[in-house]
Trainee: 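Sending over a structure as structure tokens; questions will come in a sec.
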Amino acid sequence: MSGNGMQALQLRVARKSMEAGGVAAFELRSPDGAELPAFTAGAHVDVFLRDGLVRQYSLCNAPHERDRYVLGVQRKADSRGGSIAMHDEVHEGSVVGIGLPRNLFPMVPARRSLLFGAGIGITPLLSMAEALHARGEAFELHYSARSPEQAAFRAQLAAAAYADRVRFHFSAGPGANRLELPPLLATPDPEARLYVCGPTGYIDDITAFASAHGWRGDQVCVERFAAAPVASVDGEQAFDVVLARSGRRFTITPGQAIHEVLLDAGVDVPLSCEQGVCGTCLTPVLAGVPDHRDSFLDASEHARNDCMTLCCSRAKSPELVLDL
């Protein structure tokens with residue numbers, strides 16, 4: 001066991017293919033052909049890479065498939081190492097360690113589901129569309145990309161049994177047809193659910209429009225693959241973190257992250273995204289006031305101040321007491 005958790009499965013890359021938009025698709029199977037643990041639409045797995053890198057990728061195949069997991073990984077120029085390692089170092093025949101599927105973006109029963117994805121945000125929605133189609137439920141999938149050439153999995157969606165419920169929206173090139181929200185969301189449907197995944201601006205535009213037009217907060221489900229940038233705060237102060245179970249005390253100086261200090265001291269901190277997106281490092285707070293800088297907790301959870309993400313959040317009080 002390490003600060004990043006335990007690898008639960010060793011899977012072989014049975015197929016690696018390049019999709020549009022610099023996205024590589026990885027089909028993972030058990031080396032001995034064993035059935036894989038079940039997952040639900042919207043789930044992800046942790047992938048354990050070299051040098052202690054752990055990154056999360058959505059499962060984008062149909063949940064009823066128990067013989068494989070399929071991941072879609074976009075190569076990013078500003079990668080922190082994960083996407084480059086997946087593209088350059090993980091090949092067909094490679095064996096990779098992954099964690100058991102977890103779902104922070106679950107679906108709930110609804111009369112109708114509207115799926116909105118942009119860029120690599122399409123990946124969890126592929127699994128959702130497969131699940132909804134298999135159950136015979138009403139849905140629409142709206143997929144935004146810069147151009148047809150940049151739309152990963154476009155051919156798969158065009159050939160899907162539910163292709164008539166897929167709408168492509170392209171922002172550039174001949175025949176551009178940007179996503180128009182008023183026809184879709186101007187009139188709220190109290191029995192529908194919205195699922196949104198993509199860049200921060202895309203998510204914010206859709207959620208703001210839905211809220212302004214009367215959609216309830218519990219009807220709108222989002223998944224962010226990256227946290228919104230947090231500007232450095234001038235005059236950041238040092239603060240102390242106390243571990244309640246052992247009484248150990250650590251000083252966190254300006255520019256340091258809590259998880260870095262704890263890991264350096266040998267404290268086991270579950271960790272994955274390191275951006276305040278995934279919730280892996282969420283820790284109960286017994287005393288003190290956190291300075292929340294994550295994108296995982298919502299505003300009401302921030303207001304309670306009873307837990308915090310250790311990878312990016314700091315403290316407003318001189319001391320935080322953590323249930324560690």
Side-chain angles (χ1 to χ4, degrees), residues 1-8 43-48 51-56 80-82 99-106 200 203-204 217-218 221-324:
M1 179 74 73
S2 71
N4 289 322
M6 182 175 290
Q7 301 179 33
H44 69 270
V45 292
D46 291 335
V47 179
F48 297 81
D51 302 328
L53 282 175
V54 184
R55 294 293 180 261
Q56 296 181 315
R80 295 177 297 128
L100 293 173
R102 295 185 293 157
N103 201 337
L104 302 176
F105 192 34
T200 296
I203 293 175
D204 290 346
D218 66 331
C221 309
V222 305
E223 180 164 76
R224 301 178 187 269
F225 288 159
V230 177
S232 297
V233 178
D234 291 337
E236 272 188 350
Q237 300 296 312
F239 59 94
D240 283 356
V241 165
V242 178
L243 308 187
R245 300 178 199 174
S246 64
R248 297 175 71 185
R249 178 181 294 270
F250 303 91
T251 298
I252 314 299
T253 60
Q256 284 187 310
I258 297 174
H259 78 279
E260 293 173 340
V261 173
L262 296 184
L263 287 173
D264 285 346
V267 180
D268 188 23
V269 178
L271 193 65
S272 184
C273 75
E274 300 180 59
Q275 299 184 87
V277 174
C278 71
T280 299
C281 65
L282 194 67
T283 301
V285 176
L286 303 180
V289 181
D291 179 5
H292 297 287
R293 302 186 182 187
D294 65 279
S295 299
F296 178 75
L297 299 172
D298 61 27
S300 65
E301 291 168 322
H302 283 168
R304 291 204 304 266
N305 287 325
D306 58 0
C307 58
M308 67 183 296
T309 54
L310 302 186
C311 64
C312 63
S313 298
R314 294 182 62 82
K316 294 181 179 179
S317 55
E319 179 182 278
L320 289 173
V321 179
L322 304 180
D323 188 11
L324 287 174

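This one's a predicted model, so the numbers in the text were calculated from it and none came from an experiment. Along the sequence shown, residues are numbered consecutively beginning with 1. No hydrogens, no waters, no symmetry mates; every other heavy atom, side chains included, goes into these values.
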Trainee: According to side-chain hydrogen bond (donor to acceptor under 3.5 Å, both in side chains), who are the partners of Asp264, at least two apart in sequence or on a separate chain?
Mentor: none
Trainee: What residue pairs, at least two apart or across chains, pass ring-ring contact (aromatic ring centres under 6.0 Å, His included) with a residue in residues 261-284?
Mentor: none
Trainee: Do any N or O atoms from the side chain of Ser317 and from the backbone of Ala315 form a donor-acceptor pair under 3.5 angstrom?
Mentor: no
Trainee: Which heavy-atom pair separates Leu320 from Gly288 by the least distance, and what is that distance?
Mentor: CD2-C, 3.8 Å
Trainee: Would you call Leu262 and Leu324 a side-chain contact if the rule is heavy atoms closer than 4.5 Å?
Mentor: yes
Trainee: Over all heavy atoms of both residues, which pair between Phe250 and Ala265 is shortest? Give the atoms and the distance, please.
Mentor: CE2-CB, 3.4 Å
Trainee: So, using side chain to side chain contact (heavy atoms under 4.5 Å, CB included) as the criterion, who are the partners of Cys312 when residues are at least two apart?
Mentor: Arg293, Asp294, Thr309
Trainee: Show every ring-ring contact (aromatic ring centres under 6.0 Å, His included) that has at least one partner inside residues 267-291, sequence neighbours left out.
Mentor: none
Trainee: Who passes salt bridge (charged side-chain N to carboxylate O under 4.0 Å, His left out) against Asp218, sequence neighbours left out?
Mentor: Arg216
Trainee: Restricting to non-hydrogen atoms, name the atom on Arg314 and the atom on Gln237 that form the minimum distance, rounded to 0.1 Å.
Mentor: NH2-O, 3.2 Å
Trainee: Closest approach of Cys281 and Cys311, non-hydrogen atoms and distance?
Mentor: SG-N, 3.4 Å
Trainee: Distance from Met308 atom CE to Phe296 atom CZ, nearest 0.5 Å?
Mentor: 14.0 Å
Trainee: List for me each residue that meets side-chain hydrogen bond (donor to acceptor under 3.5 Å, both in side chains) alongside Glu301, sequence neighbours excluded, and say none if there are none.
Mentor: none
Trainee: Could you tell me whether the side chain of Phe239 reaches within less than 4.5 Å of the side chain of Ile258, counting heavy atoms only?
Mentor: yes
Trainee: What heavy-atom pair brings Leu282 and Cys307 nearest, and what distance separates the two atoms?
Mentor: CD1-SG, 4.0 Å
Trainee: Return the minimal non-hydrogen interatomic distance between Val241 and Leu322, and the atom names on each side.
Mentor: CG1-CD1, 3.5 Å
Trainee: Check this for me, if you would: do Asp298 and Arg304 make a salt bridge, where the nitrogen-to-carboxylate-oxygen distance has to be below 4.0 angstrom?
Mentor: no
Trainee: To the nearest 0.5 Å, tell me how far Cys278 SG sits from Gln56 CD.
Mentor: 4.0 Å
Trainee: Enumerate the ring-ring contact (aromatic ring centres under 6.0 Å, His included) contacts for residues 257-278, please, sequence neighbours excluded, ordered by first and then second residue.
Mentor: none
Trainee: With side-chain contact (heavy atoms from CB on, under 4.5 Å) as the test, would you mind laying out the steps for Glu260 and Val269 before giving the verdict?
Mentor: CA-CA 9 Å; Glu260 293 173 340; Val269 178; over 6 Å; no
Trainee: Could you work out, with side chain to side chain contact (heavy atoms under 4.5 Å, CB included) as the rule, every residue matching Ala244, not counting sequence neighbours?
Mentor: Leu286, Val321
Trainee: Going by side-chain hydrogen bond (donor to acceptor under 3.5 Å, both in side chains), name the residues that satisfy it together with Thr253, two or more places apart in sequence or in a different chain.
Mentor: Gln256
Trainee: Mind checking ring pair (Phe, Tyr, Trp, His ring centres under 6.0 Å) for His292 and listing every partner two or more places apart, or none if nothing turns up?
Mentor: His302
Trainee: Using the side chain to side chain contact (heavy atoms under 4.5 Å, CB included) criterion, which residues pair with Pro284? Sequence neighbours excluded.
Mentor: Asp323
Trainee: From Leu104 CG over to Thr280 OG1, what is the distance, rounded to the nearest 0.5 angstrom?
Mentor: 7.0 Å
Trainee: Which pairs, with at least one residue in residues 249-258 and sequence neighbours excluded, count as a salt bridge (charged side-chain N to carboxylate O under 4.0 Å, His left out)?
Mentor: Asp240-Arg249, Arg249-Glu319
Trainee: Does a side-chain heavy-atom distance below 4.5 Å link Lys316 with Asn305?
Mentor: no
